[in-house]
Amino acid sequence: MSTSTPPNELHELSVSALAQALRERKLSALETTEYFLARMRQHQDLAAFLAVDEDASRAQARHADARLAGGSTAPLEGVPLAHKDIFVTRDFPTTAGSRMLAGYRSPFDATVVHKLAEAGAVTLGKLNCDEFAMGSANENSAVPPVGFDAPRPVQNPWDRARVPGGSSGGSAAAVAARLVPGATGTDTGGSIRQPAGFCGITGIKPTYGRASRYGMVAFASSLDQAGPLARTAEDCALLLSAMCGPDPDRDSTALDRPAEDFGRQLGAALDGLRIGLPREFFADGLAPGVRAAIDGTLKEYEKLGARLVPISLPRTELAIPVYYIIAPAEASSNLSRFDGVKFGHRAKDYADLMDMYKKTRAEGFGDEVKRRIMIGTYVLSHGYYDAYYLQAQKIRRMIADDFQQAFQECDLIAGPVAPSVAWKIGEHGNDPLADYLADIFTLPGSLAGLPGMSVPAGFGEHGMPVGLQLIGNYFQEARLLNAAHRLQQATDFHLRSPAGF
Amino acid sequence: MALTPQEIGRIAHLARLELGSGESEHMRAQLNGFFDIVEQIRAVDTAGITPLTHPVAAVAPVALRLREDVASEPDDRTANQQNAPAVERGLFLVPRVIE
């Protein structure tokens, strides 16, 4: 593919095709970086990027070219990527989409950023996201995107009036619009899978603990997990293999599991694979167009030799309140560090130290963040801890046990990523509950810490993309990617591009 | 259960958040709406269930490791303080708390 691709169509190349062309010296890292920087400038009205530094990107590309000249075979040598602005980076500012961190420069790179750089990747910039990754539509960003003076929502490249999903909305929009071949994201309650689904691309959240959380601005520590977004499962496997691995000196929750080649069984046959369909994922609230797309994809799996098995995840609905207690509880604790003392925003006028804390936090945090801090503070407070937080953690175990029960009868679980396609910007009318309820299908897997993917499954209402969610048992990422790759060999949904991009 | 304005004030104080009166009332309405959907968890029988903290502990014991107690960080004070709102001679400055 790379031999015949003129340099004016580099955005059509996958991560693996670009890496190969770079290794074979058919392209230089610098010309590749220049190409994508120009494309990013051309489409900056999508509001996908929060920070760029073209000279920093060029410097990284020149280093990659020097390594390529020295015969480097690093898997991503010279490939341009962009990072969700939740990962701290030395070469670019990091805001987590918050006024609180406007202009913040990290003295170090997040482990995931560092590992991707070691694999040869060049950073093109930082991608828009909901403030502190709290949101399902990327409408909660408080930082002006590149080219704008004021914050604005990221646009979905398939319909600019619609949201890209969230919280990794900038990552998903940038990949769907082919501004970058791949991007990092983070998933706490669905923040990789749902935007990947809404933008018609592929994304994977690995088992909790696979990737180090060091340098990821913390939201909910027992849920946050990094993962890649790209167009194909093959690319996700390549990126995920570079991102994961133990981080013994930096993250005590990262597992002591060596890095794996997650692409090692991409082409394996699916004969006899048992795909479990939770009946709770196919209930009344599911949009007919989404259901039809998912059903069509499941038929493809049957043609590939898989067997569909009815299962039940009886506590699916309970996952919403359980998640929205645990995640805010952890957030209220994590975000206590933003007090105007060591970094970030500090209020200008205040009476004393207490007043400085309160005004700093009132000015620095957006509405959704404040709501979650309030919920979290309440459920952790004296007299309510047992009734809410501890009770939620107990039900969390029951939800995880339900999955283990289900995996006795199936190898993978499949269903929709979300009950509908991407909604219109502003359609939920600042009603946080509407956003929370739409997270129903991604929350159970998040609470259980299981690996999950979104794979393009066609189009539903308004011609918008539909994502098929695949959930595997712990450490079954290679199998998930295998199932996704085989589907992508049989379908072309992942190859479709939005008009104008 | 419905949160009162006094409770909203108490929680906001614990959270070190200043809320204006209009903001406070709006927050109260939204939190009460939220806790309506949370009530269902109270009815779940969780007797004998151990809370799950690290999700992978659902299938195997997870020991959060401690690293060796040796300094592995270089002295990076200048870089670490470059984002501080107020610094003097390597110290973070805050409003006077001791007269």
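Naming convention: chains lettered A, B, ... in sequence-line order (proteins, then strands); numbering from 1 in each chain. Since the model is a prediction, treat every value here as computed from it, not as a measurement.
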Practice prompt. Please check if any side-chain donor atom of A/Asn473 sits under 3.5 Å from a side-chain acceptor atom of A/Gln404, or the reverse.
Written response: yes

Item to complete: Anything under 30° is parallel, anything over 60° is perpendicular, the rest tilted; go ahead and classify A/Phe338 against A/Phe132.
Response: tilted

Discussion item. Testing the 3.5 Å rule here: is there a donor-acceptor pair between the side chains of A/Ser212 and A/Arg250?
Written reply: no

Worksheet item: Does any heavy atom of chain A fall under 4.5 Å from the side chain of B/Glu23, the backbone, both, or neither of them?
Response: side chain

Worksheet item: Non-hydrogen atoms of chain B under 4.5 Å away: do they reach the side chain of A/Asp352, the backbone, both or neither?
Response: backbone

Fill in: Contact winner vs chain A - B/His54, B/Arg10, B/Glu7, heavy-atom pairs under 4.5 Å
B/His54

Worksheet item: So which of B/Leu66, B/Leu14, B/Thr53 has the largest heavy-atom pair count under 4.5 angstrom toward chain A?
Response: B/Thr53

Discussion item. Looking only at heavy atoms and a cut-off of under 4.5 Å, which of B/Leu19, B/Val94, B/Thr50 has the most pairs with chain A?
Written reply: B/Thr50

Worksheet item: B/Arg42 and A/Tyr388: side-chain donor and acceptor closer than 3.5 Å?
Response: yes

Practice prompt. Counting only heavy atoms closer than 4.5 Å, note whether A/Tyr208 contacts chain B via side chain, backbone, both or neither.
Written response: both

Worksheet item: What part of A/Ser332 is in contact with chain B, defined as an atom under 4.5 angstrom from a non-hydrogen atom: side chain, backbone, both or neither?
Response: neither

Worksheet item: Between A/Ile320 and chain B, which part of the residue has a heavy atom less than 4.5 Å away: side chain, backbone, both or neither?
Response: side chain

Worksheet item: Would the number of heavy atoms belonging to other residues, nucleotides or ligands and lying under 6.0 Å from NE2 of A/His345 be above 12?
Response: yes

Worksheet entry | Part of B/Phe34 lying under 4.5 Å from any heavy atom of chain A | both

Worksheet item: Is there a side-chain contact between A/Met356 and A/Val341, using heavy atoms and a 4.5 Å cut-off?
Response: yes

Fill in: A/Met134 vs A/Glu131 side-chain heavy atoms within contact, under 4.5 Å
no

Discussion item. Taking every non-hydrogen pair under 4.5 Å, which of B/Gly20, B/Ser72, B/Ala60, B/Ala15 racks up the most with chain A?
Written reply: B/Ala15

Discussion item. Under 6.0 Å from the ring centre and within 45 degrees of the ring axis: does the NZ or CZ of A/Arg257 meet both conditions for the six-membered ring of A/Phe475?
Written reply: yes

Worksheet item: Where on A/Phe365 is there a heavy atom nearer than 4.5 Å to chain B: the side chain, the backbone, both, or neither?
Response: side chain

Discussion item. Check for me whether A/Arg372 meets the cation-pi criterion with A/Tyr324, that is, NZ or CZ under 6.0 Å from the six-membered ring centre and within 45 degrees of the ring axis.
Written reply: no

Worksheet entry | Pick from B/Ile41, B/Val38, B/Ile8 with the largest number of heavy-atom pairs that fall under 4.5 Å of chain A | B/Ile41

Worksheet entry | Side chain / backbone / both / neither for A/Met374 at chain B, heavy atoms under 4.5 Å | both

Worksheet item: Of the backbone (N, CA, C, O) and the side chain (C-beta and beyond), which part of A/Leu353 lies under 4.5 Å from a heavy atom of chain B, both, or neither?
Response: both

Worksheet entry | Among the listed options B/Ala12, B/Ala58, B/Ala79, B/Ala84, the residue most often paired with chain A at heavy-atom distances under 4.5 Å | B/Ala84

Worksheet item: Between A/Gln225 and A/Thr207, what is the shortest heavy-atom contact and its length?
Response: OE1-O, 3.4 Å

